[in-house]
There are 2 protein chains.
Amino acid sequence: MNIPELPVDHDITDQESVYARLRHAIMVGTIEPGTNLTMRGLAEAMGLSPTPVREAVRRLSSENAIEILPNRRMAIPEMTLGRFEELVALRVTLEVHAAERSLPYISDYVIEKLKEIDEAMDEALREENLDKLTILNQRFHRMLYSVNPNQVCVPAIESVWLQLGPFQRQVVKRVKEFYKIDRHKEILTALRARDVAALMNATESDIREGSSRSGRLVLTENLTTR
Amino acid sequence: MNIPELPVDHDITDQESVYARLRHAIMVGTIEPGTNLTMRGLAEAMGLSPTPVREAVRRLSSENAIEILPNRRMAIPEMTLGRFEELVALRVTLEVHAAERSLPYISDYVIEKLKEIDEAMDEALREENLDKLTILNQRFHRMLYSVNPNQVCVPAIESVWLQLGPFQRQVVKRVKEFYKIDRHKEILTALRARDVAALMNATESDIREGSSRSGRLVLTENLTTR
DNA sequence: ATTTAACATATGTGATACCATTTGTGAACT
DNA sequence: AGTTCACAAATGGTATCACATATGTTAAAT
């Protein structure tokens, strides 16, 4: 298993750095669904004792990113078609909600920042750098929702991202086949016009086209090939 | 501080029992907003070493039920009017979504079970047993959303409950002043009729009237008295 | 009397040790 | 060859200890 390192912020506890590393790895899909994890294995892989690893893993289990089996062993959950549909539906509901409640707080400065992220995404797409694409896409959405000063839904949204993450890698390869219209451009237009309805529409389309269709295809293909 | 004990399920780890106890205490509002917590304090209060307590507390911090301060100390977050409005709005969105997606899986058996819970709530209201009322209300909603076999939003919903919990105690006393129409009866009627629109409406009204109005009043009163 | 400095106490963090349980392996048996 | 049993290794769970940092307190200095 390959858990990418992350820039080490000093003055951070080991537990938090393990948490950040695992979270990142899961979110970009580095760890395959069904992978079994062990405290000691992870600890050794990161050169730490099991103690901080346990705390990080427990946190991720509470975010439903890691599944605790009845044997007290841990694994990255498998994806099923039913669960996938529910997760995408929840993602749409949560992100449309978050976008709607962010609009009143949007500034031209933030719109400019979002445009820059979107341009970087175009480049990542040309380079076919899928990890980068995933990260930037999440950054785009997170920044939008975070302009709401009392924002409370990003954690819930990220939990959904975490649950879709391991499955992401299989899906993202297909994105180019499906993602014809750039919905981020539509989101930006809606933001500039302060148009709630258009914003909600664009957000929903972005999510649906970005992963829903291709994800469903991958899952149904897997079913037929088995 | 008073952290109620919970029925001890054997074959459960200490970490999980601490987690369950703290979670329950927070959710019914036993612990006041702003309370400072310490690992060793909690450990001593529960007769355990700090290790399992740390893991439980970390999980709750990832669910935004416990706040980790920059000093590495922990506290139950204070409530503000802005955060409260956001939490209620998120609760409405999530629970309306969950209810909608549960309806197709509803059976007469479950409707009967829900009716029983609702009747127990009527009794708790007569007895003015507010803790029991809170627990039963949560059980009612959780059971409804859980009939969806691929359900993935209950954890997100419970995270919101956790964040509203500490503030709950101040609010729930007022509920009688505001909660005139029994929306649970409306929910049951909508379920029996398999009427999506009515179900979503009743769910939203239930949440709004159950806590939103009285909560906002408490918060604005606090602001003026300070 | 107020502020500052020094010291004692309390707290969070992480490594280690020990135990119970589970998993893995290999030999004996059918 | 397949199954079963016994033993070894691995793993999770918790307590304890050591260390660094933060907090609280007391005494000295202004």
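Numbers restart at 1 for each chain; the letters A, B, ... are given by sequence-line order, proteins then strands.
- Note on ring orientation: taking the six-membered ring where Trp is involved, the planes of B:H141 and B:W161 are perpendicular (angle over 60°, cut-offs 30° and 60°).
- The separation between A:I12 atom CD1 and C:dG12 atom P is 18 Å, rounded to whole Å.
- Taking the six-membered ring where tryptophan is involved, the planes of B:H184 and B:F140 are essentially parallel, since the angle between them stays under 30° and well short of 60°.
- In this structure, B:L37 places its CG atom 12 Å from P of C:dT11, rounding to the nearest Å.
- Interface limits on DNA chain D: the 5'-most and 3'-most nucleotides within less than 4.0 Å of chain B heavy atoms are D:dG13 to D:dT23.
- In the model, A:R83 has a side-chain atom that pairs as donor or acceptor with a side-chain atom of A:Q163 under 3.5 Å.
- Within the model, atoms CD of B:E32 and CD1 of B:I26 stand 13.5 Å from one another, a figure rounded to the nearest 0.5 Å.
- Going from atom CE of A:M46 over to atom C1' of C:dG14 covers 15 Å, rounded to whole Å.
- Looking at B:M79 and B:L164, their side chains come closer than 4.5 Å, going by heavy atoms from C-beta outward.
- Side-chain contact between B:L144 and B:I106: present, with at least one pair of heavy atoms (C-beta onward) separated by less than 4.5 Å.
- Rounded to an integer number of Å, the gap from B:D11 CG to C:dA20 C1' is 12 Å.
- Of the two residues near DNA chain C, A:R40 and A:T13, the one whose nearest nucleotide lies more 5' is A:T13.
- Under the side chain to side chain donor-acceptor pair (under 3.5 Å) criterion, A:D14 pairs with no residue, sequence neighbours left out.
- For the pair A:L69/A:M74, no side-chain contact is recorded, criterion being any heavy-atom separation below 4.5 Å from C-beta on.
- A heavy atom closer than 4.0 Å to some atom of DNA chain C occurs in B:R54, B:R58, B:R72, B:R73, these being the qualifying members of residues 48-73 of chain B.
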